[in-house]
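The structure under discussion appears below in the form of structure tokens.
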Amino acid sequence: MSVPVAYQGNTSAAIADWLNKGDNAWQLTASTLVGLMSIPGLVVLYGGVVKKKWAVNSAFMALYAFAAVWICWVVWAYKMSFGEKLLPFWGKAGPALNQAYLIGRAALPATAHYRADGTLETAMIEPFFPMATVVYFQCVFAAITVILVAGSLLGRMSFMAWMLFVPLWLTFSYTVGAFSVWGGGFLFQWGVIDYCGGYVIHIPAGVAGFTAAYWVGPRNRKDRERFPPNNILFTLTGAGLLWMGWAGFNGGGPYAANVDASMAVLNTNICTAASLIVWTCLDVVFFKKPSVVGAVQAVITGLVCITPGAGVVQGWAALVMGVLAGSVPWYTMMILHKRSKLLQQVDDTLGVIHTHAVAGLLGGVLTGLFAEPTLCNLFLPVTNSQGAFYGGTAGGAQLGKQIAGALFVIGWNVVVTSIICVAIRFVVPLRMSEEKLAIGDDAVHGEEAYALWGDGELYDVTKHGEDDAEHGASATVAPV
């Protein structure tokens, strides 16, 4: 008796000779772990870390972005990021929906690396799984990047403006960074090291979020002065999903279940744990209290900092990077932010400029210092790559490339994000009306995060909170 073709070993198109089931299984798992970082990870984190009246709106911004990115990605954005070259920093737009394209062996034609004289140095990447797996893996990276931008805009951006912002920013900003660094563009050819997203995801998210926050304007005065988390346990749950999900984030970087993936996952945990401990110690020393929200920020900065070099630095370097990830962003957020007129002027709700832009830049520079030659040879297309710590002309040059690459990413995102925000202003307001800003979720969505009292229960400000009374809750019987 015959069995379905999907189970006939290497005798059918369903299990081709080139398919490595282990690599494919790991890559699909890694993709799903990254997806869980957004849904429900950042949905829960955003819904818990904001003031109660913005819980629904903040969570929904993340949920909408995840869905919108998926459609844009498969219709045109994937090939702009990983397709044939249109410009040195951009690929040609096109759909990734054709059956023959998706079930064929994955090939990233824009990842061939050429020497300065035009000769081929490293052939294009051909993973041992179908193109559909690559499209999936890269889509969840694109989605989480846009959701991270939202962290700067919570509590005041018009939802209609956000609906327009997501596809525009994905198309004109994210795809440029992805192609330039990962898809065969000029930064890739130049040899900038970004193991798994410091330059493609975190610096762009932090810079774009801060820039968009400038154009959208601040939250209303009362929210900016007092913005307590409505559910710290939800916030911790979201942070935990980020931490564990990062195993897929960095572990999927090599496109294979290989030794480099193992090194990347281990380094990720080392750096993150060190960051949390250092940040907490600094809180205790300077503020006399260990902050749980501060620990969440430290988890994020540790994860972000290690990402550019996760698979190319040694364990001791990951530990050093964790110490710096827990101290440098802590200083910029807790000390420098309060002294800087520019930082004070822009209302970056969750401090994404610190947790992602500063930590991502720090990680990129430290990668230029600590990239270990043997590990570099396992992963990078440029032979003889190494960090400045290991000496030689190549090491010093690598540090310079890391800094220059970051400057390009920062400049592009400031300009393009500004253009997008100004363009959207001609269509819909970027910011909610003052009435909606005062009320929050109920005015924006007609829904609230929590039913704090039941049918027939008398409203009691000592149980239900002052915010509800300010927003028109009945003094006698509140509606369900």
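All of these numbers come straight from a predicted model, not from anything done at the bench.
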Phe408/Val181 under side-chain contact (heavy atoms from CB on, under 4.5 Å): CA gap, chis, key distance, verdict: CA-CA 11 Å; Phe408 168 77; Val181 181; over 6 Å; no
Enclosure of Glu121 CD (heavy-atom neighbours >12, cutoff 6.0 Å): yes
Point-to-point distance, once rounded to the nearest 0.5 Å, from CD of Glu84 to CZ of Phe179: 9.5 Å
Side-chain donor-acceptor contact under 3.5 Å, Trp169 with Thr417: yes
Tyr214 atom OH, neighbour heavy-atom count above 12 within 6.0 Å: no
Asn230 side chain to Gly47 backbone, donor-acceptor under 3.5 Å: yes
Worked check of side-chain contact (heavy atoms from CB on, under 4.5 Å) between Thr355 and Leu350: CA-CA 9 Å; Thr355 56; Leu350 301 185; over 6 Å; no
Main-chain N/O of Ala388 paired with Gln398 side-chain donor or acceptor, under 3.5 Å: no
Check: Phe129 and Phe137 side chains under 4.5 Å, non-hydrogen atoms: no
Distance-minimising heavy-atom pair for Leu361 and Ala406: CD1-CB, 3.5 Å
Heavy-atom side-chain contact between Trp54 and Val49 under 4.5 Å: no
Under 3.5 Å, sequence neighbours excluded: what are the donor-acceptor pairs made by side chains of residues 186-208?
{"residue": "Gln189", "atom": "OE1", "partner": "Tyr114", "partner atom": "N", "Å": "3.0"}
{"residue": "Gln189", "atom": "NE2", "partner": "Ala112", "partner atom": "O", "Å": "2.9"}
{"residue": "Gln189", "atom": "NE2", "partner": "Gly184", "partner atom": "O", "Å": "3.4"}
{"residue": "Asp194", "atom": "OD1", "partner": "Gly197", "partner atom": "N", "Å": "2.9"}
{"residue": "Asp194", "atom": "OD1", "partner": "Gly198", "partner atom": "N", "Å": "2.7"}
{"residue": "Asp194", "atom": "OD2", "partner": "Gly198", "partner atom": "N", "Å": "3.4"}
{"residue": "Asp194", "atom": "OD2", "partner": "Tyr199", "partner atom": "N", "Å": "2.8"}
{"residue": "Asp194", "atom": "OD2", "partner": "Val200", "partner atom": "N", "Å": "3.1"}
{"residue": "Tyr195", "atom": "OH", "partner": "Asn250", "partner atom": "O", "Å": "3.4"}
{"residue": "Tyr199", "atom": "OH", "partner": "Gln402", "partner atom": "O", "Å": "2.6"}
{"residue": "His202", "atom": "ND1", "partner": "His356", "partner atom": "ND1", "Å": "3.1"}

From CE (Met37) to CD1 (Ile147), nearest 0.5 Å: 10.0 Å
Polar contact flag, side-chain donor to acceptor under 3.5 angstrom, Thr32-Tyr136: yes
Flag side-chain contact, heavy atom, 4.5 Å: Thr349 against Leu153: no
All salt bridge (Lys or Arg N to Asp or Glu O under 4.0 Å) counterparts of Glu435, not counting sequence neighbours: none
Met160 atom CE, over 12 foreign heavy atoms within 6.0 Å: no
4.5 Å side-chain heavy-atom contact, Val135 and Leu102: yes
With Phe82 via ring-ring contact (aromatic ring centres under 6.0 Å, His included) - residues at least two apart: Tyr78
Donor-acceptor contact present, side-chain Ser81 to main-chain Ala178, <3.5 Å: no
Note, Leu380 side chain near His113 side chain (heavy atom, < 4.5 Å): no
Side-chain (Asp441) to main-chain (Val56) donor-acceptor, under 3.5 angstrom: yes
Nearest heavy-atom neighbours spanning Cys376 and Ser385: CB-O, 3.5 Å
Non-hydrogen atoms of Leu342 and Phe210 that approach each other most closely: O-CZ, 4.2 Å
Check: Cys305 and Leu366 side chains under 4.5 Å, non-hydrogen atoms: yes
Non-hydrogen side-chain atoms of Tyr101 and Leu97 separated by less than 4.5 Å: no
ring-ring contact (aromatic ring centres under 6.0 Å, His included) partners of His445, counting only residues at least two apart: Phe60, Phe159
Phe128 vs Tyr255, ring-ring contact (aromatic ring centres under 6.0 Å, His included): CA-CA, chis, key distance, verdict: CA-CA 8 Å; Phe128 297 102; Tyr255 288 116; over 10 Å; no
Steps toward side chain to side chain donor-acceptor pair (under 3.5 Å) verdict (Trp330, Thr301): CA-CA 9 Å; Trp330 179 91; Thr301 58; over 6 Å; no
Among Val216, Asn57, Leu430, Val146, the one residue meeting side chain to side chain contact (heavy atoms under 4.5 Å, CB included) with Trp162: Val146
Exercise: identify the closest heavy-atom pair between Ile306 and Ala318: CD1-CB, 3.9 Å
Atom pair CH2 (Trp26) and OG (Ser31), whose distance is rounded to the nearest 0.5 Å: 9.5 Å
Parallel, tilted or perpendicular, as decided by the 30° and 60° cut-offs, for the rings of Phe389 and Phe370: perpendicular
Check: Leu336 main-chain N/O paired with Ser340 side-chain donor or acceptor under 3.5 Å: no
Which atom of Thr175 lies closest to which atom of Ala77, heavy atoms considered: CG2-O, 3.7 Å
Rounded distance (nearest 0.5 Å) linking atom CZ of Arg219 with atom CG of Leu154: 8.5 Å
Full working for side-chain contact (heavy atoms from CB on, under 4.5 Å) between Trp243 and Asn269: CA-CA 8 Å; Trp243 190 338; Asn269 284 277; 3.0 Å; yes
Short side-chain to backbone donor-acceptor contact, Ser275 and Thr272, under 3.5 Å: no
Any donor-acceptor pair under 3.5 Å from Thr211 side chain to Val414 backbone: no
Residue list, salt bridge (Lys or Arg N to Asp or Glu O under 4.0 Å) with Asp223, at least two apart or on another chain: Lys51, Lys53
Atom pair NE2 (His354) and CD1 (Ile300), whose distance is rounded to the nearest 0.5 Å: 13.0 Å
side-chain contact (heavy atoms from CB on, under 4.5 Å) assessment of Phe165 paired with Cys421: CA-CA 7 Å; Phe165 181 89; Cys421 288; 4.0 Å; yes
Side-chain touch Val299/Leu242, heavy atoms, less than 4.5 angstrom: no
Heavy-atom closest contact (Asn384 atom, Asn377 atom, distance): N-OD1, 3.6 Å
Value rounded to 0.5 Å, distance of OH in Tyr174 from CD in Gln138: 5.5 Å
Whether over 12 other heavy atoms sit under 6.0 Å from Phe234 CZ: no
Greater than 12 external heavy atoms within 6.0 Å of Gln344's CD: yes
Donor-acceptor contact present, side-chain Arg105 to main-chain Pro127, <3.5 Å: yes
Donor-acceptor under 3.5 Å (Asp260 side chain, Pro254 main chain): no
Test salt bridge (Lys or Arg N to Asp or Glu O under 4.0 Å) applied to Arg339 - qualifying residues, sequence neighbours left out: none
